[in-house]
Number of protein chains: 2
Amino acid sequence: MRERDEGAPAGRRVTAMDVARAAGVSVSAVSRAFTPGASVSARTRARVMAAAAKLDYMPNALARGLMTQRSNLIGIILTNFKNPLYLSVLDHFTHAIQQRGLRALVFNISRGGDLTEAARQILQYSVDGLIVSAGAISPLLAGQCARRQIPVVAFARNPRSKDIDVVCADNVAGGRMAARLLIERGYRRIGYLGGSAQASTSQDRGKGLVGELEDAGLSLHCSVHASEYSYEAGRVAARALLSMDEPPDALFCANDVLAFGALDVARHRFGLSVPGQLGIVGFDDIGLAEADSFSLTTVRQPIEEMVRETIALMMRRMEDPRLEPETRLLSCSLVERGTVRGPRL
Amino acid sequence: MRERDEGAPAGRRVTAMDVARAAGVSVSAVSRAFTPGASVSARTRARVMAAAAKLDYMPNALARGLMTQRSNLIGIILTNFKNPLYLSVLDHFTHAIQQRGLRALVFNISRGGDLTEAARQILQYSVDGLIVSAGAISPLLAGQCARRQIPVVAFARNPRSKDIDVVCADNVAGGRMAARLLIERGYRRIGYLGGSAQASTSQDRGKGLVGELEDAGLSLHCSVHASEYSYEAGRVAARALLSMDEPPDALFCANDVLAFGALDVARHRFGLSVPGQLGIVGFDDIGLAEADSFSLTTVRQPIEEMVRETIALMMRRMEDPRLEPETRLLSCSLVERGTVRGPRL
DNA sequence: CTGAAAGCGCTAACAA
DNA sequence: TTGTTAGCGCTTTCAG
């Protein structure tokens, strides 16, 4: 009765059947009309589309997903909502995902909350893939996904496990780059301002630093782990380091916001000149690193490329789930700005 | 513990029926066991749960949503992936959403891309609600949602239309606060560094500034619209303003990153002392505004409260869709730091 | 190319 | 409290 009333106030939702009736065709015809590359005559398709437009119909993705076993949903689990880098990460991911006709289901576990539990929630939506940028992926979780044939890729974390795909910056090499630069430029008492002690990223960056230092016959002068990857935590940590009896003359920070904190404390609280009395190198190269106020010399993570690789790996595995898991370490690059002194000429 | 090989080894997905068989009960019993507050005996529930655990079963949210007409999905459409504030916005939204057992479907339209089209994509997933933080919501879109009984709320934008819920900071009042402070502190040639000319936020903040200026018998000294809300755009715009024959002695910037750009250009390129020769006020109060390097005096947007209100409004409307649309303007507050000079004593 | 009919996995009456 | 039985809205053989 209130069937094809256009301004129908809160009427029944319009389904493929309504459209079929209005267009004088079968439901399958409607389905086909909305399925790219299905076998429908141009004429039928046109009719269907017209009726659909008139009724403001659109296919129900839930029903479709239920039937096809493809939800077109990609789950993204994130922990880090304090580091501006992740806004850019999210920007790239959502963009890339949408480009391929998929949608992003974002799950936040920054306030504490179990990764495995988060994944459970997400898996219920039969996502076609899962991107995890958070702590270690338990074998349990890996198993659940494998059994369901859902590709998982660890992003910007390096869970040493070999049975999962991972895309990550080569943090060890990045740490080495920072060390080399600092050594070359004459700094000798080099310290490490790390992030949380459990984070593989922080560990690896520190490992690279120490490795290169030792190769040069030097040793790590001092180190702290900040409580989290944030500006405030950077200040606190830097204060500790700079208050030592024999303070460092250079600091490699596990990421840019930490470095900002260190830089500000050094300049504004300890009255140190940077890069003169203290050299600072960050990691990530977030947008504000190039602000005049910071002009931070840093190790750039190739975010865009990492995102691209992540999606590529995911798609590949969607096509062939039995491929060997891969670990792709992408190279970082040094971005020299003003917090490390120039070469002696 | 043969958890791993229990189910089919990558075979058919396990359904409620499999669990029912394994537990020796009916499918409805399984359904009930997974529905909080359903009428099941503790004994059956236990049995079901045991079988479910053994088979690694979890209910299919798509099927469930199809049946119940509730997907437990909330759509979030965003444009601004350049402003760190939005990482925090996303943090709060996802958190609040998850708290209530819902999931966030995030859609990015920053790269250009039609809002109405984006909404179409999202609506296909029968989201239970839609949060839009992007340009104007067309009546067409509003209608589509209304017809489907999907609550929409415009976040941090003020589309003047009266037929939609909106939660927004009181930008006009915020602009006035900035103006009042600047006037009080003796600045007289006050300029506006706005964001994109179409953004309601930028318009309103400017409107407030001008209003207060005029109330004080002053007038706007100059103004520009930055191309976007970014640090770089802030630099470009500030450069233009500061190169004028008679440059402003104070700048109210439509947001913090814009202000950072202006601040850096003023200090490092024009050699101006801030707040001595130039006063600067920002908007948002993002984390880095309190960094020593910027120590930006700014108008704080009550993000957390805004998010809370948004969700509350949405839930309210989910219960009773025929309520009158509301516009909630939340008050901003002034955060004084170091880019505006102190009161004369 | 088109339609009829059988489900996808689950919930919600309705009986028992 | 339980099980039986219709669907939710869609895709997809399978005939025609």
Side-chain angles (χ1 to χ4, degrees), chain A residues 3 11-49 51-52 55-73 123-128 148-149, chain B residues 7-8 11-49 51-52 55-73 123-128 148-150:
Chain A
E3 206 167 289
R12 227 182 70 267
R13 16 170 98 187
V14 2
T15 77
M17 196 155 122
D18 300 320
V19 176
R21 255 200 292 267
V25 298
S26 71
V27 273
S28 359
V30 176
S31 171
R32 291 185 183 111
F34 278 91
T35 306
S39 136
V40 218
S41 70
R43 192 158 141 286
T44 328
R45 162 167 269 140
R47 274 194 180 180
V48 170
M49 289 321 209
L55 299 179
D56 185 23
Y57 164 81
M58 59 184 75
N60 181 323
L62 266 37
R64 181 188 286 219
L66 187 54
M67 194 58 209
T68 59
Q69 313 278 50
R70 282 191 96 257
S71 63
N72 287 335
L73 255 26
L123 289 180
Q124 303 201 340
Y125 283 88
S126 1
V127 290
D128 294 340
R148 278 154 236 247
Q149 312 243 50
Chain B
R12 233 182 68 267
R13 14 170 100 187
V14 3
T15 78
M17 196 154 119
D18 300 320
V19 177
R21 253 199 292 267
V25 298
S26 72
V27 273
S28 6
V30 176
S31 171
R32 290 184 184 110
F34 278 92
T35 305
S39 137
V40 218
S41 72
R43 192 159 141 285
T44 1
R45 162 166 272 139
R47 273 194 181 181
V48 170
M49 288 322 208
L55 298 179
D56 185 23
Y57 164 81
M58 60 183 76
N60 182 323
L62 265 39
R64 181 187 287 217
L66 187 55
M67 192 58 210
T68 59
Q69 314 277 49
R70 282 190 96 256
S71 64
N72 287 336
L73 255 25
L123 288 179
Q124 303 200 340
Y125 282 88
S126 4
V127 290
D128 294 341
R148 278 155 235 246
Q149 311 243 48
I150 296 176

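The structure presented is a predicted model; accordingly, all values stated were derived computationally and were not measured. A note on names: the letters A, B, ... follow the listed sequences, proteins ahead of strands, and every chain is numbered from 1.
Here the C1' atom of nucleotide C/dC8 and the CG atom of A/N72 are 16 Å apart, to the nearest Å. Residue A/Q124 contributes atom CD, which lies 12 Å from atom C1' of C/dC10 at whole-angstrom precision. A/Y125 has its OH atom 17 Å from the P atom of C/dG9, to the nearest Å. Taking atom CG of residue A/N60 and atom P of nucleotide C/dC10, one finds them 17 Å apart after rounding to whole Å. Residue A/L62 contributes atom CG, which lies 13 Å from atom P of C/dC10 at whole-angstrom precision. The separation between B/Q69 atom CD and C/dA12 atom C1' is 12 Å, rounded to whole Å.
In this structure, B/G24 and B/A63 both approach DNA chain D, and ranking their closest nucleotides by distance from the 5' end singles out B/G24. Of the two residues near DNA chain C, B/R32 and B/P59, the one whose nearest nucleotide lies more 5' is B/P59.
Using a 4.5 Å heavy-atom cutoff, the side chains of A/R148 and B/D56 are in contact. Counting heavy atoms from C-beta outward, B/Q149 and B/Q69 have side chains that stay 4.5 Å or more apart. A/N60 is not listed as a side-chain neighbour of A/T15, based on a closest heavy-atom distance of 4.5 Å or more.
The base of C/dA12 does not come close enough to the side chain of B/T68 for any donor and acceptor atom to sit less than 3.5 Å apart.
Of all nucleotides listed (C/dG3, C/dC8, C/dC1), C/dC8 comes nearest to the side chain of A/L66. Closest to the side chain of A/M67, from the set C/dC8, C/dC10, C/dT2, is C/dC8. Here C/dT11 is the nucleotide among C/dA12, C/dT2, C/dT11 with the atom lying nearest to any side-chain atom of B/S31. Comparing C/dC10, C/dA12, C/dC1 by their nearest atom to the side chain of A/S41 picks out C/dC1.
For the pair B/T15 and C/dG9, the criterion of a side-chain N or O lying under 4.0 Å from OP1 or OP2 is not met.
The distance between the ring centers of B/Y125 and A/Y125 does not fall below 6.0 angstrom.
Residue A/V40 is classed as a sugar-phosphate contact, given heavy-atom separations below 4.0 Å to backbone atoms only. A/Y57 comes within 4.0 angstrom of the backbone, heavy atoms only, and of no base. Heavy atoms of A/S39 sit under 4.0 angstrom from at least one base atom.
If you check the side chains of A/Q124 and B/R64, you find no donor sitting under 3.5 Å from an acceptor.
To the nearest 0.5 Å, the span separating CZ on B/R47 from OG on B/S41 amounts to 8.5 Å.
Once you apply a 4.0 Å limit to the heavy atoms of chain B, the touched nucleotides of DNA chain D run 5' to 3' over D/dT1 to D/dG9.
No donor-acceptor pair closer than 3.5 Å links the side chain of A/S126 to the backbone N or O of A/S71.
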